[in-house]
Amino acid sequence: MSPYITFLLYLLAIVGFLGLVLTLNAWLGPKPAMTSTKFEPFECGATPVDFVNVKAVPIKYYAVAIIFILFDLETMFLFVWALGARPLSGFLMFTLALFIFLLVISLLYVYKARILEAVTE
């Protein structure tokens with residue numbers, strides 16, 4: 001059997017199972033009533049302690065979070081590349097060099113934009 005057909009069958013099984021679970025949840029699951037509590041920012045069931053101490057997170061932390069996710073994904077892609085690079089050919093070495101180049105460029109951008117220093121200020 002072709003690996004593509006196996007992957008397609010696996011993908012169809014996952015999507016089918018997901019559709020089954022969502023359908024059963026819609027039929028059998030609880031039906032919450034839309035009350036004013038559902039539209040509160042902390043809709044976890046707990047009563048807010050104080051409304052005065054609710055502050056927005058500064059925007060500089062979002063940049064750090066996005067950069068963290070970006071480098072984390074690059075590490076995952078590098079790991080997948082290392083597992084799939086057998087036998088090692090010139091094309092694969094070129095893709096690795098291109099990937100490392102993009103990684104270094106993005107790291108230099110982070111350093112040049114002083115994003116990490118902005119958090120400590």
Side-chain angles (χ1 to χ4, degrees):
M1 182 182 285
S2 170
Y4 294 112
I5 293 175
T6 305
F7 175 74
L8 185 63
L9 289 175
Y10 183 68
L11 184 66
L12 287 175
I14 290 172
V15 171
F17 179 73
L18 181 65
L20 176 70
V21 168
L22 289 176
T23 303
L24 287 177
N25 185 30
W27 285 348
L28 304 174
K31 312 280 188 283
M34 288 296 174
T35 60
S36 62
T37 308
K38 291 292 285 181
F39 296 108
E40 289 183 2
F42 299 104
E43 192 265 323
C44 63
T47 306
V49 176
D50 190 11
F51 290 104
V52 178
N53 199 17
V54 178
K55 298 176 186 172
V57 178
I59 194 71
K60 59 186 176 184
Y61 294 117
Y62 290 108
V64 173
I66 289 172
I67 290 168
F68 175 77
I69 291 172
L70 182 71
F71 282 107
D72 197 33
L73 284 176
E74 287 177 348
T75 304
M76 286 295 295
F77 285 134
L78 191 61
F79 182 72
V80 170
W81 178 90
L83 289 177
R86 292 182 191 148
L88 192 60
S89 65
F91 177 72
L92 290 175
M93 288 301 293
F94 172 74
T95 57
L96 177 65
L98 181 66
F99 186 79
I100 296 294
F101 175 74
L102 291 175
L103 187 66
V104 169
I105 290 294
S106 59
L107 187 61
L108 286 176
Y109 173 75
V110 168
Y111 179 75
K112 184 82 173 177
R114 301 177 46 104
I115 294 173
L116 296 178
E117 286 89 10
V119 173
T120 58
E121 293 174 356

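Side chains included, hydrogens not; waters and symmetry mates left out as well; all remaining heavy atoms used. Keep in mind that this is a model prediction, so the values were computed, not measured.
Rounded to the nearest 0.5 angstrom, L107 CG and L102 CG are separated by 12.5 Å. Note that the CE atom of M76 and the CG atom of D72 stand 7.5 Å from one another [nearest 0.5 Å]. A distance of 14.5 Å separates CD1 of I115 from OH of Y61, quoted to the nearest 0.5 Å. The distance from atom CZ of F71 to atom CG of L103, rounded to the nearest 0.5 Å, is 5.5 Å. From L83, atom CG reaches atom CG of L78 across 10.0 Å, with rounding to the nearest 0.5 Å.
Nearest heavy-atom pair across K31 and A26 is NZ-O, 2.9 Å.
Pairs passing the side-chain hydrogen bond (donor to acceptor under 3.5 Å, both in side chains) check and including a residue from residues 2-25, sequence neighbours excluded, do not occur.
Hydrophobic cluster membership is shared by W27 and L20, with clusters built from Ile, Leu, Val, Met, Phe, Trp and Tyr side chains linked at under 4.5 angstrom. L70 and Y62 fall into different hydrophobic clusters, where Ile, Leu, Val, Met, Phe, Trp and Tyr residues are linked whenever their side-chain heavy atoms come under 4.5 Å apart, directly or through other members. By the rule that hydrophobic residues join a cluster once side-chain heavy atoms approach within less than 4.5 Å of another member, V80 and F7 end up as members of separate clusters. The same ILVMFWY cluster, assembled from side-chain heavy atoms under 4.5 Å apart, contains both Y109 and I67.
Residues F77 and F99 meet the side-chain proximity criterion, which asks for heavy atoms closer than 4.5 Å.
Annotation: Y111, atom OH; neighbour count of heavy atoms from other residues, nucleotides and ligands within 6.0 Å does not exceed 12.
Not counting sequence neighbours, the partners of S89 by the side-chain contact (heavy atoms from CB on, under 4.5 Å) test are F91, L92.
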